[in-house]
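Inspection log for the structure reproduced underneath, given as structure tokens.
Start at 1 and go down the list; that is how both ligands and their atoms are numbered. Heavy atoms only: backbone and side chains are in, while hydrogens, waters and symmetry mates are out.
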Amino acid sequence: PESESESESVEGNTLVVDALTANGVSTIYGVVGIPVTDLARTAQDRGVRYLGFRNEQAAGHAAAAAGYLTGRPGICLTVSAPGFLNGLVALANATVNCFPMIQISGSSDRAIVDLEQGDYEELDQVATARPFTKAAYRVDSPELIGVGVGRAIRAAVSGRPGGVYLDLPANVLSASAVRTPPPQIVDPSPRQIPAPESVDRAVALLEQARRPLIVLGKGAAYARADAVIRELVEATGAPFLPMSMAKGLLPDDHPQSAAAARSLVLARADVVVLIGARLNWLLDHGRPPRWSADARFIQLDIFATEFDSNRPIEAPVLGDIASSVAALLAAIRRSRIAPVPEWREQIEASKRANIKRMDAQLHADVHPMDFAVALRAIRDVLDDHRDAIVVSEGANTLDSARNIIPIYAPRHRLDAGTWGVMGVGLGYAIAAAVETGEPVVAIEGDSAFGFSGMEIETICRYKLPVVVIVFNNGGVYRGDEVNAHSDDPAPTVLLHSSRYDTLIEAFGGIGYHAETPAQVAAALRSALTTAAPALIDCVIDPAVGTESGHLQMLNRPAREEEP
Ligand code: TPP
């Protein structure tokens, strides 16, 4: 039995768990091995949930998603050097996506590492992590473990959230020290109230708008200010455009949604309000011809350096999104914002035309299936399961799913994000199931699935309600490229004959094979009813889809065949 007596001496492992639990950490995602196996055991002994993965990268992506979904740092535990490096991809991705995450890694003997004398899994991990993280710390004595964990927590969640690295050398984890109450971080992510004059400036600009547009980013979704954001959007009467992970912040069928008129609103908006959305490549850097050269920008962000990154920001509002939106809303109630009626009419006309065009694609009679008809079947089933969290990655699969699958609740879509990274899918799906208890549907390109496919064993081991749908078109983007020069498959080709459904059966999950929209729908309905791990092998025509999906502007022109 644990004694809380002041003079009790305990191992570093125990002190780490003390510090984590004192700060509300209840779940750790990781892969064990020297020197962190006992840390995972100690955590489990103390009621912290430990989820063991097959690869640290997926564990890291899970921790990142946990951070995004809960607003508290997601924890990933890794072993030294190679395990650390596997997890680092996820930590870097968390930093880029502004998700709060802490990677805790064991490391080798400092004295040997620093003299490069060749320790087991030797690497200067803090130096390696630093360029990819918001902060990187090492704890060099067991007495400082509580301080180290506390600093990592505040660094991960305060201001603009991001990935934090915490290095715990093997000798610190195994050393003994007197057990003292660890620091409890008070208000780890304090509110940051915007300056009143910045709010007034924003409202004055918005009053001049004839064709306003509100863009919601995943920063807005992360802020958990759902009600006040909705009030602001509705008070302005302006159309809004959700970035992919902000879908559902207001339901996709909200009358002010301009998602189905994206090109029109980007090109014609005269005053744009960016809320937790960055003017990066995902928004074509705010540049013409996508955007009007005359558009004027208001930006709500927590990080001042974000302003003016691409277009001059005429009204920057620095603060946390919840506080800034609330301040803007209060000021707007005293002002007159009046979009011209034609703006609404133009958007409605464009929406109607685009939806009609899309509808024809969704109901096409094609066999084998293309992306659209398979996604329509999924959409129709998910319409009865609006609590389901949708995870998506791939190229055509990702882009088409974003347009076709509506999201009705905040933070119910997780995807390849700012980097467009493949391999997040199963880690995100696992964290979504673990953190929310809601059903999860991961819509995966077959190439994308391969990056973390072994985690279906993790899903089965923990009996998570995750349905993985693999869009099997036998290739990266498409599966019909021919290599004219040898018997080797072309670079984009994968085995279209793969039966991905049989993979999950190996682990006791339920596999489905679907070749028609009706089979897709039946499989998904059955899987969601069973709420057990399932995988649907969804056969798609290898000859549909485009290279790089919708990223045509980043794609090199097609290679000329050599004469
Ligand atoms: N490696 C990483 C880590 N991230 C990437 N984005 C890529 C490689 C390049 N890439 C972009 S999409 C993609 C790849 C490999 C896969 C596209 O194929 P698939 O998942 O089958 O989707 P589809 O277009 O067939 O729907």
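Taking the six-membered ring for Trp and thresholds of 30 and 60 degrees, Phe99 and Tyr68 have ring planes inclined between 30 and 60 degrees apart.
Residues Phe240 and His254 bring their aromatic ring centres within 6.0 Å. In this structure, Phe449 has its ring center closer than 6.0 angstrom to the ring center of Tyr500.
Here the side chains of Asn473 and Val544 are not in contact, with every heavy-atom distance at 4.5 Å or above.
Between Ile275 atom CD1 and Leu300 atom CG the span is 5.5 Å, to the nearest 0.5 Å.
Across every non-hydrogen atom of Ala258 and Ile347, the tightest pair is CB-CG2, 4.3 Å.
Near ligand 1, heavy-atom contacts under 4.0 Å come from Phe371, Gly394, Ala395, Asn396, Thr397, Gly420, Val421, Met422, Gly445, Asp446, Ser447, Ala448, Phe451, Asn473, Gly475, Val476, Tyr477.
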